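Here the structure comes first, spelled out in structure tokens, and everything after it is commentary.
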Amino acid sequence: MELRHLRYFVTLADERNFTRAAERLNIAQPPLSRQIQQLEEELGVELVFKGSRPVRLTEAGHFFHAHAQELLDKAADLKTMTRRVGSIERKLSIGFVASTLYGLLPEIVRRFRERHHSVEISFHEMTTVEQLKALKEGRIDVGFGRLKGDDAAIRRIVLREEPLIVALPVGHRLTRAPGALRMSELMDDPLIVYPKAPRPSFADQVLATFRERMLVPRQVTEVRELQIAIGLVGAGQGIAIVPDSLQGMVRTDVAYKPIDDRQAVSPIIFSARAMDRSQELANMLAIIYEIYDERKIAYVAETL
Ligand code: BEZ
């Protein structure tokens, strides 16, 4: 059994159709059918129900699919990591969700640059879901996102649980309320959530925060990205729930208020390829925890 067999089978299982799978693999259909047959003969079990359309996997097929995918991810990881280890220039590509740029990310990177001049750093703004794909494809080496996800090819660490706050138009009646706001006070204003796609996203985290408290916002508007959400808040179109870091985005038309609910939080997740134990990542993590210690920020540091 070779990696090629795994790739053929996983593509067939994903497409559930021999013609489409063969097209995606850039081969003709008869050789694809032959390879699947060879695989079944070698394993001595049926992986797909004969003649099923769309293609249906047997129980053994489902088992094989899940583990074959894992092996393919590991093989891709091995290729990226070997290139990385062998490369003389040290590079670190960072994927990040926009909100982290208003919080500690700039300080973390500044310190990293000061201490490790020879590492060339690049930045790529992307959602957490996009980060996972980019890690596997070797386009980034570390991602800072907000969703926990579940993927054996990715090492994830919950760095901390960041409090959520409310962004309101300046002059909004709730800006005059003393102290923190209760979630139940936020139902009457149109709620602006982001990003609209890809899902799941921070938008789902915010909507779940309402749902878990059995609250239903009167009107929800989904927008493409954080800057648009905040712009619309400034224009008086509604309110937005955002991570506390956003207080770093100073605007004259937006006011921020804390939420009176310690469970209303959004995690900051560090993600890297499971195999990547490079010194750059260890140095980056050390700087993050150093900053948390200096600023007395409570952290979680839990590997998922
Ligand atoms: C933080 O705010 O805790 C953070 C932001 C970006 C990267 C790592 C941590």
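In this text the structure is predicted, and so the values were computed from the model without any measurement. Both counts, for ligands and for their atoms, begin at 1 and track the order of listing.
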* Write out the protein residues near ligand 1, meaning a non-hydrogen atom under 4.0 Å from one of its atoms, in order of chain and number. => T100, L104, L105, I108, F144, L159, R160, I268, I288, Y292
* Kindly check if the number of other-residue, nucleotide or ligand heavy atoms within 6.0 Å of CZ (R262) is above 12? => no
* Classify the ring geometry between F202 and Y194 as parallel (under 30°), tilted (30 to 60°) or perpendicular (over 60°). => tilted
* **Other cluster members, L304 - Ile/Leu/Val/Met/Phe/Trp/Tyr, side-chain contacts below 4.5 Å** => V158, I269, V300
* Asked: For residues Q237 and T221, is any side-chain donor paired with an opposing acceptor at under 3.5 Å?
  -> no
* **Note: K196-E222 ion pair, threshold 4.0 Å (strictly below)** => no
* To do: Would you please indicate yes or no on a ring centroid separation below 6.0 angstrom for H67 and F63?
  => yes
